[in-house]
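Hydrogens, waters and symmetry mates play no part in the numbers below; they use all other heavy atoms, side chains included.
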Number of protein chains: 2
Amino acid sequence: MKSTEIKEAALKFFTIHGYEGASLSQIADEVGIKKQSIYGHFKGKDDLFLQVLRDAKDTELSSKLTYFQSTLDEAPEQSLYGYLQLVIDLFQKNEHLKFWLRMSFFPPAHLAEAITEEVVDLEDQMQVVIEKRFSEWIEKGLIHNSDPSIPALAFIGVVDSILLELVYVNDEKRLCKKLEASWSIFWRGISS
Amino acid sequence: MKSTEIKEAALKFFTIHGYEGASLSQIADEVGIKKQSIYGHFKGKDDLFLQVLRDAKDTELSSKLTYFQSTLDEAPEQSLYGYLQLVIDLFQKNEHLKFWLRMSFFPPAHLAEAITEEVVDLEDQMQVVIEKRFSEWIEKGLIHNSDPSIPALAFIGVVDSILLELVYVNDEKRLCKKLEASWSIFWRGISS
DNA sequence: TCGAATCTAACGAACGTTCGTCAGTTATCT
DNA sequence: AGATAACTGACGAACGTTCGTTAGATTCGA
């Protein structure tokens with residue numbers, strides 16, 4: 001399917017150069033067609049971008065939800081630490097997550113509204129799932145706290161700081177040190 | 001001084017639209033001159049950008065170093081929490097920090113090398129200062145740990161997660177909740 | 001002190017290039 | 001034969017950049 005190839009190339013260049021910096025001719029070159037041919041598959045640049053955005057969102061959301069579904073019976077320590085490693089994996093394996101991050105933080109101005117809508121939706125869904133899990137752990141006495149939203153938000157903070165490190169400079173050594181540091185302090189902070 | 005005005009306008013548009021998305025005519029319009037006149041003050045777009053970048057770096061670095069200098073005798077709890085609030089303040093008061101973050105994460109490809117050099121330099125300087133402070137606190141028994149780099153990296157992680165929240169959606173309520181959550185867990189994790 | 005020379009900062013016009021987009025044509029395959 | 005998907009060609013607009021020029025201020029020697 002050619003439109004899939006086009007979307008993959010678009011994802012790549014949008015990720016590297018941003019919306020304004022990525023050109024249709026670059027994308028077409030990557031696929032091996034002329035830029036005008038893209039209009040046979042998409043209405044225009046905006047249409048292509050928004051389809052890539054929704055694909056990236058679906059990919060990311062289902063990966064994360066599937067993970068949490070598969071660790072229902074694990075202890076908090078395994079489940080949470082595994083999630084951090086999943087995020088690192090997702091980031092390094094494919095470009096969807098990096099694209100998603102770039103467009104969440106710095107969306108092209110004329111599409112900011114549509115993008116923010118998708119971002120908030122995904123963010124809320126994840127927070128609900130994580131918070132529910134924490135409240136179960138608190139009931140079982142595995143986690144020290146009364147309000148589940150506090151450790152949940154703190155954990156999302158740890159995830160964010162790791163993501164930021166990944167975007168920053170992808171230095172394996174530095175990443176590991178930071179992961180271990182943040183995780184050990186976080187775990188000591190929430191364990192009962 | 002006109003070149004200062006130009007740099008301020010450039011900072012604004014580079015922050016909103018990125019390097020590729022910001023045009024010299026926009027910037028010139030903001031100042032009230034024609035785009036050609038910019039070439040009387042700067043060699044070109046790259047030159048303008050790099051000067052703005054270095055200004056932003058200087059501003060940020062000196063703000064942070066000055067803060068740490070001024071809290072030499074404070075307890076770790078006050079000093080660290082105050083730093084978090086300083087960062088929030090810097091972000092909301094002027095655009096330098098947002099510009100700096102955008103260009104650290106997603107630099108224009110053809111200037112990536114020059115930008116990364118500045119970023120790493122600033123990052124290293126801050127880490128040295130913070131780590132030194134933590135090792136003093138550990139010596140005094142105020143902080144639970146043997147290796148000062150662990151709480152230091154974890155703290156930088158908390159700072160990062162707050163920065164990310166600021167970039168994300170600037171919702172005051174959400175920011176406060178996240179700050180309190182991350183801080184309380186972090187503090188419980190490092191205090192002895 | 002006065003005019004000449006130099007400097008400053010802006011200007012309009014145009015350069016070549018690239019952008020996204022639209023229309024019409026050709027090739028390929030059921 | 002009809003449909004799909006690529007193609008060629010062209011469009012106006014915008015981009016960063018260079019050029020030559022103008023108007024006003026500053027400097028300086030006679």
Would one find a side-chain N or O of [X] under 4.0 angstrom from OP1 or OP2 of [N]?
X        : N       : result
Ser25(A) : dC19(C) : yes
Lys45(A) : dG20(C) : yes
His41(B) : dT8(C)  : no

Integer-rounded Å distance: [N] [atom2] and [X] [atom1]:
X        : N       : atom1 : atom2 : answer
Phe49(A) : dG20(C) : CZ    : C1'   : 16 Å
Leu48(A) : dT21(C) : CG    : P     : 10 Å
Ile38(B) : dT18(D) : CD1   : P     : 13 Å
Asp47(A) : dC22(C) : CG    : P     : 12 Å
Ile33(A) : dG20(C) : CD1   : P     : 14 Å
Tyr39(B) : dC15(C) : OH    : P     : 17 Å
Glu5(B)  : dA10(C) : CD    : C1'   : 13 Å
Leu24(B) : dT17(D) : CG    : C1'   : 9 Å

Would you call Trp137(A) and Leu80(A) a side-chain contact if the rule is heavy atoms closer than 4.5 Å?
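Yes. Closest side-chain heavy atoms under 4.5 Å.
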Should the side chain of Lys35(A) and the base of dG20(C) be counted as holding a donor-acceptor pair, with the cut-off at 3.5 Å?
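Answer is yes: a donor-acceptor pair is held.
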Would you state whether a donor and an acceptor, one from the side chain of Gln36(A) and one from the base of dG20(C), lie under 3.5 Å apart?
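Checked by distance alone, the answer is no.
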Students often mix this up, so state it plainly: with edges at 30° and 60°, are the rings of Phe106(A) and Phe106(B) parallel, tilted or perpendicular?
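Ring orientation of Phe106(A) relative to Phe106(B): perpendicular.
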Kindly assign one of parallel, tilted or perpendicular to the pair Trp183(B) and Phe186(B), based on the angle between their ring planes and the thresholds 30° and 60°.
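It falls in the tilted class, 30° to 60°.
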By the 4.0 Å heavy-atom rule, please label [X] as base, sugar-phosphate, or nothing.
X        : answer
Ala22(B) : sugar-phosphate
Gly44(A) : sugar-phosphate
Lys2(B)  : sugar-phosphate
Ser37(A) : base

Does the side chain of His96(A) come under 3.5 Å of the side chain of Asp55(A) through a donor N or O and an acceptor N or O?
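Absent: no donor and acceptor within the cut-off.
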Stepwise ring-ring contact (aromatic ring centres under 6.0 Å, His included) test for His17(A) and Tyr19(B)
CA-CA 10 Å; His17(A) 299 112; Tyr19(B) 179 88; over 10 Å; no
